[in-house]
Structure formats: structure tokens, C-alpha cells
Engineer: 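Quick one: the structure is below, and I'll ask about it shortly.
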Protein chains: 2
Amino acid sequence: MGRAQQDAVSSGSHKYLAVRDYLTNLVVRELKVGDAIPSERTLTERFGVSRMTVRQAVAALVTEGVLERVQGRGTFVAPQRMDFELRLTTFGEEMQRRGMEPTTTVLASQTVAATPEVATELEIAPGDDVHFLYRVRSADGAPMCIEQVWVPVALVPPLFDDGPPASVYEALRAHGQAPVWGEQTLAAADATDAEASLLGLGRSRAVLRARRRTFSDTGPCMYSHASYRSDRYSVWVPLRAPGPAIVPRGRSARRDPHDTSAPVAGAHDGTTTEV
Amino acid sequence: MGRAQQDAVSSGSHKYLAVRDYLTNLVVRELKVGDAIPSERTLTERFGVSRMTVRQAVAALVTEGVLERVQGRGTFVAPQRMDFELRLTTFGEEMQRRGMEPTTTVLASQTVAATPEVATELEIAPGDDVHFLYRVRSADGAPMCIEQVWVPVALVPPLFDDGPPASVYEALRAHGQAPVWGEQTLAAADATDAEASLLGLGRSRAVLRARRRTFSDTGPCMYSHASYRSDRYSVWVPLRAPGPAIVPRGRSARRDPHDTSAPVAGAHDGTTTEV
DNA sequence: CAGTGGTCTAGACCACCCT
DNA sequence: GGGTGGTCTAGACCACTGA
């Protein structure tokens with residue numbers, strides 16, 4: 001390893017990664033929003049690399065939204081993005097970020113046979129065993145939502161061995177099925193009597209229903225229903241201007257470049273009309 | 001202009017744009033998902049440019065999610081993204097994409113004084129004149145949602161000169177206030193009597209409420225409320241796993257690189273708890 | 001004016017995939 | 001082995017910004 005002066009943050013073997021990590025640390029540790037980073041030519045000298053290499057590092061952070069370039073002036077720390085997607089977080093994490101105390105009442109925790117709906121969403125056979133968890137989730141002592149969760153037993157047999165986990169996502173991570181992404185459909189609905197009673201609803205019977213599929217590297221790992229009190233919960237969504245969509249001509253007979261043997265999801269553009 | 005053989009699609013003066021546009025057309029017109037594009041070295045020869053230039057063009061399309069590179073194999077048309085954000089579209093566009101016939105009943109179209117709420121959202125003074133449009137929007141003849149729209153008169157005085165426009169977004173575009181992005185809060189609610197009657201609700205009184213701010217280059221250009229029938233409308237949202245956020249140390253005293261004199265939106269992560 | 005990022009060249013070697 | 005993308009160099013000129 002004849003690399004002598006290399007920055008302490010050197011990561012891996014690629015030079016642009018060293019530069020990128022240096023910049024990342026700079027942004028996290030020293031700079032404020034609006035501050036300029038060292039110029040590309042400065043970085044070129046400091047790291048002894050060519051300018052294209054520096055630009056590759058900077059470009060990566062620009063793509064991530066961490067930096068922004070302004071021609072003629074420099075490259076600056078970008079104003080913090082407001083998380084341009086909903087995050088795949090647990091109820092507990094979500095509440096803690098808001099400074100609220102999450103609590104949970106478990107109504108049921110058992111193994112059941114997958115209903116057709118659950119089986120479809122989890123891409124398993126109807127009747128297959130699934131872990132089932134049924135909970136009321138509260139924030140600062142007041143009921144916030146009712147949640148039903150299904151996880152294929154075949155995927156993670158010992159998921160509930162230590163009793164119902166406080167966080168299913170945590171449990172999945174611990175068993176090598178870390179959630180990677182998800183999709184969720186939101187709709188308004190009238191609370192059922194059971195929901196109204198569990199949530200302590202008064203006159204207002206409207207609830208926000210979320211049906212969520214969570215995916216790990218290997219496919220769907222969890223399906224869940226949640227009904228939120230409409231007076232305590234809303235969802236913020238950013239909207240992007242529709243660019244002139246660039247869409248390929250059709251599906252090729254060839255396989256995917258990666259062997260994503262699962263069927264490719266069709267076009268989807270956010271809103272859904274159910275007729 | 002001594003540019004002789006240049007591709008017919010040549011756009012602007014930059015070479016990488018010519019390559020990018022060539023590839024865009026290729027994807028739109030000839031290729032299917034999973035097809036390979038010409039190799040980088042092939043493009044190098046075909047356009048008489050260096051490889052870095054070709055890579056810049058390809059990189060742009062990879063960033064957009066149109067292409068994906070696979071080392072050792074080639075670059076391929078990516079499976080169609082399922083629009084990883086809600087789109088900023090008009091009601092009409094939305095319905096037409098679903099093959100439904102949109103119709104509109106205008107209940108009111110006038111100039112009114114901004115209420116405190118509207119003024120706040122539009123960043124104008126309470127009492128300032130705003131264009132106001134109040135409509136019932138239907139799909140295939142059945143009421144779908146009720147919509148109220150406010151646009152500052154000072155921003156686009158002649159907006160309603162030709163009567164209420166079929167599409168406010170179109171009208172804004174025509175008057176140099178093209179919508180660029182937006183933000184929207186979704187919540188469930190119980191329909192008011194007026195809403196129930198206009199939407200033709202039966203027993204189900206739940207509606208999905210969307211409060212939306214739409215921004216043009218210069219700031220907020222439109223504020224709107226919409227109440228959707230819960231039995232005909234739901235929203236699909238993708239969920240990304242929370243990455244290790246890279247966050248700058250704090251706000252700099254300096255001004256933004258661009259003179260975004262509007263205050264920077266605070267951190268936001270999708271869900272909102274209203275207490 | 002000097003300094004910045006934006007574009008571009010004409011090569012090079014490497015890691016990886018497929019045959 | 002031959003082709004692909006991934007990384008990298010050491011320059012160059014341009015467009016734009018700010019003093």
C-alpha cells in the first residue's frame with residue numbers, strides 16, 4: 001500500500017471517492033448552507049488529480065442535491081432538500097422526530113393463513129402462513145392509527161420468536177430482510193365501528209387509509225394496512241412539473257439488463273382513479 | 001455555421017446535447033425497454049466527438065432514469081420509471097390519461113379579497129385581490145371533486161379576461177407563469193353538507209382533501225383546495241428507504257447562491273402530525 | 001481583469017461480461 | 001479475447017461573474 005499522503009477519509013481505491021468523501025465531510029462538519037466549497041482547480045491541486053476527476057466527485061454530490069454549481073461564481077452547499085419523497089420509516093421513528101412519545105397496544109400477534117388479498121400483495125400463495133400483527137399506535141397517549149401487518153413466515157420464520165417486535169422494520173433488518181423501498185396508496189374512508197372505537201373517534205368518522213407494500217432486496221417482505229385519525233394526521237407531498245415524458249416505444253422481448261425476474265411495474269403516475 | 005454533417009436533431013451548440021437528443025429520439029422512436037443503445041465508442045465515431053462527451057450525454061439520461069449502464073455489457077433502456085413523484089398536472093390531463101372524459105361545472109369565477117389563509121399561502125397581503133374559481137370536476141359525467149382556486153390578480157391581471165379558463169395551469173403558462181413545482185397536503189375529512197350534495201355522496205361522507213400550493217419561477221402562483229370522493233380517488237406514493245442523510249452544519253449568514261429571497265423551507269419529511 | 005464553472009479532446013488502463 | 005462501461009490524465013478554450 002504505497003499510498004502516503006492520502007486523505008484520512010480515503011475510501012476505497014477510486015480517487016474521485018476520496019474527493020467526494022472529503023467534500024461530504026466538509027459539508028457535514030464545517031460548511032453552512034450557501035457556503036462555497038473549494039474551487040475545482042484548488043481540489044485538483046490538493047488531491048493531485050485531474051480536473052475531470054474532481055468534477056466527477058462534485059457531480060455526484062450535485063446529483064444528490066447536496067451541492068449546486070453556479071457558473072462564474074463557484075460551487076455552494078445547497079439549501080437542505082425537504083426530503084423529496086416520503087420516507088420508509090417506522091411509526092416510532094416518525095413520532096420521535098416530532099418529539100412525541102410513541103406507544104403501542106398489541107391486539108393480536110399470531111400466524112394466520114394469507115387471504116387472497118394479502119397473498120397477492122406479498123406474491124405468495126393464498127393460504128400460506130403469514131405473521132400477523134394487529135396494533136393500535138398512539139402518540140403522547142392518544143390513539144393515532146390502527147395498523148395491521150403481514151409478513152410471510154417462509155421469508156423470516158423466527159420473526160416473532162421473541163414476541164411481537166416493537167418495530168417490524170427493525171426486526172426485518174435484524175433478520176436480513178432490510179426494507180429498501182415501498183409503495184403506498186392513500187385514500188380517505190369512513191371508519192368502521194371497530195376503528196371508531198379503537199381510535200376514540202367522535203363525530204368525525206373520516207380516516208386516512210394507507211395500504212403499503214414494503215420491499216427488501218428479494219421482493220415484497222411486508223404488507224400493511226393503517227387507518228389514521230383524520231384530525232391528527234396528514235401527508236405532505238411534493239409535486240414535480242411534468243417534463244416532456246421520454247418514454248420508450250414498448251416492452252422488449254429481451255430480458256431486463258438486471259435479472260429482475262419480477263414483472264416490470266406498469267406506468268404509474270401517482271394518482272389513481274378507482275371506478 | 002460551418003457545421004456540415006450534424007445530425008438533424010442538433011440542438012443548440014453543445015455537442016453533448018446533439019448526442020443526448022439523438023439518444024432521446026432513439027429511445028422514444030425505436031428502442032424498447034431492455035434494448036441496448038449503441039456503445040460509447042460507436043457514438044464517439046458516429047458523432048466525431050471524444051468519449052467524455054458521449055459519456056456526458058449518456059450520464060444525463062442515466063440521471064433522468066431513462067437509461068441504465070451495466071458494466072461489461074452495455075447501456076440499456078431502463079424499465080419505465082413509475083414516476084417517482086406525483087405530477088403537477090391539471091385535472092383534465094389526469095383524467096385523459098385514464099381514458100375518462102373530464103367535464104367541469106363552474107360555480108363561481110370572480111375577483112375576491114384574499115383571506116388570511118389564502119394570503120399566507122400565496123405570500124401576499126390579506127385583502128389583496130385574487131382571482132377565484134370554484135368548480136365541480138367530473139369524470140365520465142360523475143362528480144369527482146370540488147375545487148377552489150386562488151391566483152393573485154397582481155401576478156396575472158388578465159387571467160380570466162376570456163372567462164374562466166378550462167385549465168388554470170394552461171392559462172398560467174400562457175401568461176408567463178408556468179407552474180414549475182408544487183406541494184400538497186393530503187388529509188381525510190368528513191364532507192360538509194355542501195360537498196356531499198355537490199359530489200352526490202351517499203352514506204359515505206369521507207373525502208380526501210388536498211391543499212396545494214403551486215409555484216412558478218417567481219414564487220407561489222396559485223393556491224387551491226380540492227375535495228375528492230373517497231370512493232373514486234386514491235393516491236399512490238412511493239417510499240424510499242431513509243439514507244444516512246448528509247446535512248450541512250447550519251444556515252450560513254450568506255445569501256443563497258441564487259437570490260431566492262423567499263425563506264428557505266424547513267426540513268420536511270413527508271408526513272405531518274397535526275396536534 | 002482574474003477566477004469560476006462548462007465544455008471538449010485524444011488518448012490510457014482497468015474491471016467486468018460473454019463467448 | 002474482444003467488447004463493454006469505469007476511471008483517469010493533462011491539457012485546452014469558452015461563458016460567466018465579480019472586483
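Lettering follows sequence order; numbering is per chain, from 1. Keep in mind the model is a prediction, meaning the values are calculated, not measured.
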Engineer: To the closest 0.5 Å, what do you measure between CE (A:Met52) and OG1 (A:Thr44)?
Structural biologist: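 The OG1 atom of A:Thr44 is 10.5 Å from CE of A:Met52, to the nearest 0.5 Å.
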
Engineer: What is the distance from CZ of A:Arg20 to P of D:dC8, rounded to the nearest Å?
Structural biologist: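 So the CZ-P distance, A:Arg20 to D:dC8, works out to 12 Å.
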
Engineer: Can you measure B:Tyr16 atom OH to C:dC8 atom C1' for me and round it to whole angstrom units?
Structural biologist: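 My rounded result for the distance is 12 Å.
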
Engineer: Could you check whether B:Tyr22 and B:Arg46, counting side-chain N and O atoms only, form a donor-acceptor pair closer than 3.5 Å?
Structural biologist: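 The criterion, which ignores hydrogens and geometry beyond distance, is satisfied for B:Tyr22 and B:Arg46.
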
Engineer: Is the phosphate of D:dA10 approached by A:Ser50 (side-chain N or O, under 4.0 Å from OP1 or OP2)?
Structural biologist: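 No, outside the criterion.
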
Engineer: In whole angstrom, give the distance that lies between atom CZ of A:Arg55 and atom P of D:dA10.
Structural biologist: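 Rounding to the nearest Å, CZ of A:Arg55 and P of D:dA10 are 18 Å apart.
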
Engineer: Does the protein touch nucleotides 11-19 of chain D at the base, only the backbone, or not at all? Give it as B, S and - per nucleotide, heavy atoms under 4.0 Å.
Structural biologist: -B--BBBS-

Engineer: May I ask you to decide whether B:Arg213 forms a salt bridge with B:Glu123, counting only side-chain N to carboxylate O separations under 4.0 Å?
Structural biologist: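 Result for this pair is yes, salt bridge flagged.
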
Engineer: Rounded to the Å, how far apart are B:Glu45 CD and D:dG3 P?
Structural biologist: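 Rounding to the nearest Å, CD of B:Glu45 and P of D:dG3 are 11 Å apart.
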
Engineer: Do B:Asn25 side-chain atoms and B:Asp21 backbone N/O form a donor-acceptor pair below 3.5 Å?
Structural biologist: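 Yes; judged by distance alone, with no hydrogens or angles, the pair exists.
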
Engineer: For the CD atom on B:Glu45, are there more than 12 heavy atoms of other groups (residues, nucleotides or ligands in this structure) within a distance under 6.0 Å?
Structural biologist: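 No, the 6.0 Å shell around CD holds no more than 12 heavy atoms from other groups.
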
Engineer: Rounded to whole angstrom units, what separation is found between the CD1 atom of A:Ile37 and the P atom of C:dT4?
Structural biologist: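 Answer to the nearest Å: 11 Å.
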
Engineer: Closer than 4.0 Å, any side-chain N/O of B:Arg69 to the OP1 or OP2 of D:dG6?
Structural biologist: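 Answer is yes, contact under 4.0 Å.
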
Engineer: OP1 or OP2 of D:dG5 less than 4.0 angstrom from a side-chain nitrogen or oxygen of B:Thr75, does that happen here?
Structural biologist: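 Looking at the OP1 and OP2 atoms of D:dG5, one of them is under 4.0 Å from a side-chain N or O of B:Thr75.
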
Engineer: Over all strands shown, is A:Val49 touching base, sugar-phosphate only, or nothing at heavy-atom distances under 4.0 angstrom?
Structural biologist: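 The residue A:Val49 makes sugar-phosphate contact but no base contact.
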
Engineer: Is it true that A:Thr214 and A:Tyr169 share a donor-acceptor pair across their side chains at a distance under 3.5 Å?
Structural biologist: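 There is such a pair (donor and acceptor under 3.5 Å, judged by atom type) between the side chains of A:Tyr169 and A:Thr214.
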
Engineer: Whole angstroms only, please: what is the NE2-C1' distance between B:His14 and C:dG5?
Structural biologist: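 Taking NE2 of B:His14 and C1' of C:dG5, I get 12 Å after rounding.
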
Engineer: In this structure, how many angstroms lie between the C1' atom of C:dC14 and the CD atom of A:Gln56, rounded?
Structural biologist: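 Those two atoms, CD and C1', are 14 Å apart.
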
Engineer: Check this one for me: any side-chain N or O of A:Thr53 less than 4.0 Å away from OP1 or OP2 of D:dT7?
Structural biologist: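 No, no such contact exists.
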
Engineer: For the pair B:Arg211 and B:Glu183, find out whether any cationic side-chain nitrogen is under 4.0 Å from an anionic carboxylate oxygen.
Structural biologist: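 No salt bridge links B:Arg211 with B:Glu183.
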
Engineer: When the distance from CZ of A:Phe47 to P of D:dT7 is rounded to whole Å, what number comes out?
Structural biologist: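 From A:Phe47 CZ to D:dT7 P: 17 Å.
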
